Amino acid sequence: MSPSGWPSRGKRPVVGFIGLGRMGAPMAANVARAGFELVVFDVRGEATVPLVAQGARVAESAPGLAATVDVLITMLPGPAQVEAVMLGVNCAFQALRERAVWIDMSTSTPAAGRIAAEDGAPRGVAVIDAPVAGMVKGATAGTLQVFAGGDAADVKRVLPVLHAMGDPERVVHVGPRGAGYAVKLCLNLLWFIHAHAAAEVLVLGAKAGVEVGTLRRALAAGPASSALLERDIDGVFEGDYDESFTLDLVTKDLGLAVDLGRELGVPLELSGLVEQLYRRARALYGDRAGELSTVRMVEEAAGIKLRLGPPPR
Ligand code: NAD
């Protein structure tokens, strides 16, 4: 074993990346840009092409990838895919070598990591959850917020890799394994509650005859402001409900948050209602509709569009 302790014996870890979607592709590109040797895999073969142009090697399967890397990152839709890839029939986790690290950066739940950590302990394989916030824009710029859950020494070992994808000031060790998933689910739950609440308030004010830009400025300057009012509502004013994050993933996240409350015996009445509102938007507009489509739902119910300028006469 090398002094650094990586199975490949190199000074810097060889990084494997599985899940090259809207988030995973730019994140993996930043890992390559930071000078790490990179191996990639996705069920959609075409997703690997731009990374090959950046010097990445393509693995033929998830376990094939796992067998050659020091740090394996997954960025998959949710728990079902994470479990299938890491613990399913062709189990990638089993293929990881002694002292390798698996980092799941998907928004998911601790179950698969718990099983893997028990299984990996005799081989010294570490398991970390490190979900992210910051959208495709942050993934592309390498400025993501990262919430790492796991053993402090394990998180420290992989910090250079996490810093390649996130803003080092906001790559935070938030607690033991599972804590990263919990922080991320709390963040998304609050964000989507805020988003829907702001939509109702803006539509109410607009219907009462207040110009939307004026209303937004007044609310954003007051004690009830939110990131949505300060920043993200701009797209909606142009009819863009933000398809960089889609309702299939939103309802997945809200479902996981409400399930966590159920598991822990925490009553989440408002959260349950908000989850159903996003499920209704998904039924109306489809899986791939943008995350702010509940704003559209409120607009349509009131017969008004949130657009800047005086309301049409
Ligand atoms: P996505 O659907 O764009 O990408 C998922 C990728 O995983 C796809 O390329 C798909 O082909 C691949 N995949 C699915 N099953 C696979 C398998 N069995 N083996 C190999 N590859 C497989 O999703 P995304 O928007 O990139 O989100 C990924 C994760 O990040 C999700 O957990 C999401 O909740 C979270 N997230 C997304 C955003 C965002 O703005 N999109 C922001 C923060 C966190």
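As the structure is a prediction and not an experimental result, all values here were calculated from the model. FYI, the numbering just counts along the sequence from 1. Only heavy atoms go into these numbers, but all of them, side chains included; no hydrogens, no water, no symmetry mates. Every number for a ligand or one of its atoms is a count from 1 in the order of the listing.
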Under 4.0 Å to a heavy atom of [X] - the qualifying atoms of ligand 1, by number:
{"X": "Val85", "value": "17 (C), 18 (N), 19 (N)"}
{"X": "Ser106", "value": "32 (O)"}
{"X": "Phe245", "value": "34 (O), 37 (C), 38 (C), 39 (C), 40 (O), 41 (N)"}
{"X": "Ser244", "value": "39 (C), 40 (O), 41 (N)"}
{"X": "Gly19", "value": "7 (O)"}
{"X": "Leu20", "value": "9 (O)"}
{"X": "Met135", "value": "40 (O)"}

What about [X]: any of its N or O atoms under 3.5 Å from an N or O on ligand 1?
{"X": "Lys184", "value": "no"}
{"X": "Met23", "value": "yes"}
{"X": "Arg288", "value": "no"}
{"X": "Asp42", "value": "yes"}
{"X": "Lys252", "value": "yes"}
{"X": "Pro77", "value": "yes"}

**OP:** Applying side chain to side chain donor-acceptor pair (under 3.5 Å) between Arg282 and each of Thr294, Asp287, Thr246, report the one that passes.
**Re:** Asp287
[X] with [Y]: basic N within carboxylate O range, under 4.0 Å:
{"X": "Arg216", "Y": "Asp234", "value": "yes"}
{"X": "Glu300", "Y": "Arg296", "value": "yes"}
{"X": "Arg177", "Y": "Asp151", "value": "no"}
{"X": "Arg99", "Y": "Asp70", "value": "no"}

Original post:
How does the hydrophobic cluster around Val43 look, that is, which other residues are in it when side-chain heavy atoms under 4.5 Å mark a link?
Top reply: none
For residues [X] and [Y], report the shortest heavy-atom separation together with the two atoms involved.
{"X": "Cys91", "Y": "Met86", "result": "SG-O, 2.8 Å"}
{"X": "Gly64", "Y": "Ser61", "result": "N-OG, 2.9 Å"}
{"X": "Glu230", "Y": "Ser225", "result": "OE2-OG, 2.8 Å"}

[atom] [closest protein heavy-atom partner, distance rounded to 0.1 Å]:
{"atom": "atom 20 (C) of ligand 1", "result": "Val43 N, 3.4 Å"}
{"atom": "atom 15 (N) of ligand 1", "result": "Gln81 CG, 3.9 Å"}
{"atom": "atom 43 (C) of ligand 1", "result": "Val132 O, 3.5 Å"}
{"atom": "atom 23 (O) of ligand 1", "result": "Arg22 NH2, 3.6 Å"}
{"atom": "atom 4 (O) of ligand 1", "result": "Gly21 CA, 3.2 Å"}
{"atom": "atom 35 (C) of ligand 1", "result": "Thr107 OG1, 3.5 Å"}
{"atom": "atom 27 (O) of ligand 1", "result": "Leu249 CD1, 3.8 Å"}
{"atom": "atom 30 (O) of ligand 1", "result": "Met75 CE, 3.0 Å"}

Subject >> Crowding at CD, Glu243 (>12 non-hydrogen neighbours, <6.0 Å) >> reply: no
**OP:** Using a cut-off of 6.0 Å, state whether more than 12 heavy atoms not belonging to Arg123 lie near its atom CZ.
**Re:** yes
Original post:
With a 4.0 Å heavy-atom cut-off (strictly under), which part of Ala47 contacts ligand 1: side chain, backbone, both or neither?
Top reply: neither
Original post:
Taking heavy atoms and a distance under 4.0 Å, where does Leu76 meet ligand 1: side chain, backbone, both or neither?
Top reply: both
N/O donor-acceptor pairs under 3.5 Å from side chains in residues 124-131, not counting sequence neighbours:
residue: Asp129; atom: OD1; partner: Gly178; partner atom: N; Å: 2.7
residue: Asp129; atom: OD2; partner: Gly178; partner atom: N; Å: 3.3
residue: Asp129; atom: OD2; partner: Gly180; partner atom: N; Å: 2.9
residue: Asp129; atom: OD2; partner: Tyr181; partner atom: N; Å: 2.9

**OP:** May I ask you to check if Arg157 and Trp6 form a cation-pi contact, with NZ or CZ under 6.0 angstrom from the six-membered ring centre and within 45° of the axis?
**Re:** yes
**OP:** Describe, in one word, how the ring planes of Phe192 and Phe245 are oriented to each other, choosing from parallel (under 30°), tilted (30 to 60°) and perpendicular (over 60°).
**Re:** parallel
